[in-house]
Colleague: 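For reference, the structure I am asking about is given below.
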Amino acid sequence: MKKKIRIKNILARTFLLYIPIAIILTCVLIPFLWALSTSFKTQQEFLSPTVRYLPNALNFENYSYVWQESHFGTYFLNSLMVSGISVVFIIIFCICNAYSLSRYRFKGKKFFTMFLLGTQMMPVILFIIPLFSVFKNMHLIDTPWALIVFNIVLQTPFNTLLMRSFVNGIPKEIDEAASIDGAGRATIMFKILIPMLLPGIVAVSAFAFIGCWNEFVVGFTMIQTNAKYTIPVGLKFMIGQYSVNYPALAAGSIIALIPPVILFAFIQKHLISGLSSGAVKG
Amino acid sequence: MKSSPGVLATKPPVEKRGRRISDKVFPYLLIAPTAILILLVMVYPIFRVFYLSFQNYDLTNPFMDGFAGISNFVKLFTDDPLFFSSIGITFKWVLLQVVFQLLLGLIVALILNAKFRGRGVVRAISLVPWAVSGVLITMLWSLMYDQNSGLFNDLLIRMGILKGHIAWLADNRTFFAAIIVAELWRGIPFFAITLLASLQSIPEDIYESSAIDGCGAVRNLIYITLPFLKESIIFATLLRAIWEFNSIDMIFTMTNGGPMDQTTTLPIYMMKTAIIQGNYGYGSAIGVVSFLFLMLFAALYIKISGYGGEDA
């Protein structure tokens, strides 16, 4: 009797759990693996009439080619700089907003929260034309600052709500106790709150970094000099330029994928727990 | 209190009086930079788009620049077949994306919420497409859709399903399905993440007590899990519908609106009119109409679904 139930359980788990998991993993991994395999192929291998699933040898020529000849190294560093500087500002803004929303009662608090949520619904493409003239007046066109300012505006709202759920997780009594001991606001924020908030800061940074790294539309319209392109913009122009050289493009894509994919793998847990503690609710 | 000369007792009030910024102003100061930046970079330009949509403003035809009245809108609604076709395509695109992302995302979330060995690794891998940008989706999927050296043609021919090579992104029968599948690949993880987050907030003991009552898995799903997920499903579908409506990077890089404008959604049409052709006035009119569409949709959706009814 017991044995029968056990066999039934194992069967159920196989069909309802293990096989679906295998299907999901296959669907997710195949595009990555195909690009990885293509990136090691030579042009002749790639163009040969019989499609090979694995490259003949691991040759890194495509990688050094895109990195140097196609200026991918420059794009990579540009993206790194733009995203890095943006993230520093985003974190400062998010901590200030989250602290204000979590610790104070003030008039317009609900409105500000709705305002932040509302920004998530605005199509970037809608206001890109006037934004161009705003940035032109600020002399930001064709500078990385156009992307940095835009990234801050685009990424701060959602990340504020995520950060708020982390600040909410720190008991209010801690800052009250510090205040009674005579600590000023700056001391409370920098010496007490920020160290406790560190896991949240790491998660929000990674989350914001991915968003900045992937930004395309503003980079495409506001940056005009090849040497200032970020990775998505550089890739877009390479698609037109090297439509024949797919292995090189595959190598470029793998390089571009590494930072967001690795960061995501690390923060995925925090993202889910941050969301589940009510980041998106008013 | 006053009579006691203790340092500890008197210090806090002195400290508070010494603060130059009161507790009433401080929270506003904290949010001011963000608010100002959003007003400048997002809100002001949006108002400006409404103004531009009533202007003739065309980089290729600067002699005609000036006030246009409602002529841009009149042309849009009476003399622009591409506008109407792009509305239809946008609608089809958003509907298919949201429905499939929700259904498949829910299944993925339920599976990833089960307990099994190596769950952390499986989760990290299954959800990772969420972090991939639109341009990179184009790269990854173009490599697989490629007519001569792509994976799909080769696999299907080897399996005997296909006889000849198909140009997936150009063929009339396949191009739409091809971009739908590529976008689903990164959209499903979004739903899975959001739903997984709310699945984790369902208290375990509800399932325990329902097990005592002899409820099966299907009943649990219908009577416990789905009602718990209702708010997040409504929120996520709304956000996702808006994002898919606005999504531009993948379609723009993968098909550039083609073949024959059959993947030209409203934002793609606007991008092409305004940014590529330089017709800012007409492009703004398309933008304004899209914006009003979205607002109307969001308002109706929130009203019908009753989102936020409990705590608003």
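Naming convention: chains lettered A, B, ... in sequence-line order (proteins, then strands); numbering from 1 in each chain.
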Colleague: Against chain B, label A/Arg103 side chain, backbone, both or neither, depending on which of its atoms sit under 4.5 Å from a heavy atom there.
Modeller: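 Looking at A/Arg103, nothing touches chain B.
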Colleague: With heavy-atom distances below 4.5 Å as the criterion, would you say the side chains of A/Phe216 and B/Met250 are in contact?
Modeller: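 SC-SC contact between A/Phe216 and B/Met250 ruled out.
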Colleague: Go through the atoms of B/Ser247 and report whether side chain, backbone, both or neither lie under 4.5 Å from a heavy atom of chain A.
Modeller: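 The answer is neither part of B/Ser247.
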Colleague: Less than 4.5 Å to any heavy atom of chain A: does that hold for the side chain of B/Phe47, its backbone, both, or neither?
Modeller: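 B/Phe47 has no heavy atom closer than 4.5 Å to chain A.
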Colleague: Given the ring of A/Tyr53, does B/Arg158 sit roughly above its face, with NZ or CZ under 6.0 Å from the centre of the six-membered ring and within 45° of the axis?
Modeller: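 Checked: cation-pi criterion met.
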Colleague: Would you name the heavy atoms of B/Asp23 and A/Arg185 that are closest together and state the gap between them?
Modeller: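 The answer is OD1-NH2, 2.8 Å.
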Colleague: Heavy-atom distance under 4.5 Å to chain A: side chain of B/Asp249, backbone, both or neither?
Modeller: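 Both parts, backbone and side chain.
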Colleague: Is chain A contacted by the side chain of B/Phe26, its backbone, both, or neither, given a heavy-atom distance below 4.5 Å?
Modeller: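 Only the side chain of B/Phe26 comes within 4.5 Å of chain A.
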Colleague: Does any backbone or side-chain atom of B/Asn153 lie under 4.5 Å from a heavy atom of chain A? Answer side chain, backbone, both or neither.
Modeller: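 Contact with chain A is absent: no heavy atom of B/Asn153 under 4.5 Å.
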Colleague: Any idea which heavy atoms bring B/Ala124 and A/Phe264 closest together, and the distance?
Modeller: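 Smallest heavy-atom distance, with atoms named: O-CE2, 3.9 Å.
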Colleague: What's the shortest heavy-atom distance between B/Leu30 and A/Asn97, and which atoms?
Modeller: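 So the two residues come closest at O-OD1, 3.6 Å.
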Colleague: Less than 4.5 Å to any heavy atom of chain A: does that hold for the side chain of B/Ile248, its backbone, both, or neither?
Modeller: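 For B/Ile248, the contact with chain A is made by the side chain alone.
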Colleague: Give, for atom CD1 of A/Ile24 and atom CD1 of B/Ile107, the distance between the pair rounded to the nearest 0.5 Å.
Modeller: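 A/Ile24 atom CD1 to B/Ile107 atom CD1 measures 8.5 Å (nearest 0.5 Å).
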Colleague: In sequence, state the C-alpha distance, the side-chain angles, and the governing distance for B/Tyr145 and A/Trp34, and then conclude on ring pair (Phe, Tyr, Trp, His ring centres under 6.0 Å).
Modeller: CA-CA 11 Å; B/Tyr145 286 143; A/Trp34 188 250; over 10 Å; no
Colleague: Less than 4.5 Å to any heavy atom of chain B: does that hold for the side chain of A/Phe106, its backbone, both, or neither?
Modeller: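 The answer is both parts of A/Phe106.
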Colleague: Could you tell me the separation between the CD1 atom of B/Ile125 and the CG atom of A/Leu29, rounded to the nearest 0.5 Å?
Modeller: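 With rounding to 0.5 Å, CD1 (B/Ile125) is 5.5 Å from CG (A/Leu29).
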Colleague: Where does A/Ile95 contact chain B at under 4.5 Å (heavy atoms): side chain, backbone, both or neither?
Modeller: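 No part of it gets close to chain B.
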Colleague: Tell me, side chain or backbone of B/Ser126 under 4.5 Å from chain A's heavy atoms, or both, or neither?
Modeller: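 The answer is both parts of B/Ser126.
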Colleague: Does any heavy atom of chain A fall under 4.5 Å from the side chain of B/Leu127, the backbone, both, or neither of them?
Modeller: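 Both backbone and side chain.
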Colleague: Can you tell me which portion of B/Val43 sits under 4.5 Å from chain A's heavy atoms? Options are side chain, backbone, both or neither.
Modeller: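 Only the side chain of B/Val43 comes within 4.5 Å of chain A.
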Colleague: Are the ring centres of A/Phe132 and B/Tyr280 closer than 6.0 Å?
Modeller: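 No, they do not, as the ring centres are separated by 6.0 Å or more.
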Colleague: Heavy-atom distances under 4.5 Å only: say whether A/Lys109 touches chain B with side chain, backbone, both or neither.
Modeller: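 No part of it gets close to chain B.
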Colleague: Pick one of side chain, backbone, both or neither for B/Leu143, based on which atoms fall under 4.5 Å of a heavy atom in chain A.
Modeller: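 When you check distances to chain A, atoms from both the backbone and side chain of B/Leu143 fall under 4.5 Å.
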Colleague: Side chain from CB out, backbone as N, CA, C, O: work out which of these in A/Leu116 comes under 4.5 Å of a heavy atom of chain B, or both, or neither.
Modeller: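 Interface part for A/Leu116: side chain.
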Colleague: Using non-hydrogen atoms and a 4.5 Å limit, figure out which bit of A/Ile129 sits close to chain B: side chain, backbone, both or neither.
Modeller: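 When you check distances to chain B, only side chain atoms of A/Ile129 fall under 4.5 Å.
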Colleague: Checking heavy atoms, do the side chain of B/Met271, its backbone, both or neither come under 4.5 Å from chain A?
Modeller: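 Answer is both: backbone and side chain atoms of B/Met271 are under 4.5 Å from chain A.
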Colleague: Side chain, backbone, both or neither: which part of B/Leu104 has an atom under 4.5 Å from a heavy atom of chain A?
Modeller: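 B/Leu104 has no heavy atom closer than 4.5 Å to chain A.
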Colleague: At a 4.5 Å cut-off on heavy atoms, which part of A/Ile125 comes close to chain B: side chain, backbone, both, or neither?
Modeller: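 Both backbone and side chain.
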Colleague: So which part of B/Ile242 gets closer than 4.5 Å to some heavy atom of chain A, the side chain, the backbone, both or neither?
Modeller: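 The answer is the side chain of B/Ile242.
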Colleague: B/Val49 and A/Pro130: which non-hydrogen atoms are nearest, and at how many Å?
Modeller: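 Looking at all heavy atoms of both residues, the closest pair is CG2-CG, 3.3 Å.
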Colleague: Would you mind checking which part of A/Thr38 comes under 4.5 Å of any heavy atom in chain B, side chain (CB onward), backbone (N, CA, C, O), both or neither?
Modeller: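 For A/Thr38, the side chain is the part near chain B, not the backbone.
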Colleague: Where does A/Ile267 contact chain B at under 4.5 Å (heavy atoms): side chain, backbone, both or neither?
Modeller: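 Contact with chain B involves no heavy atom of A/Ile267 at all.
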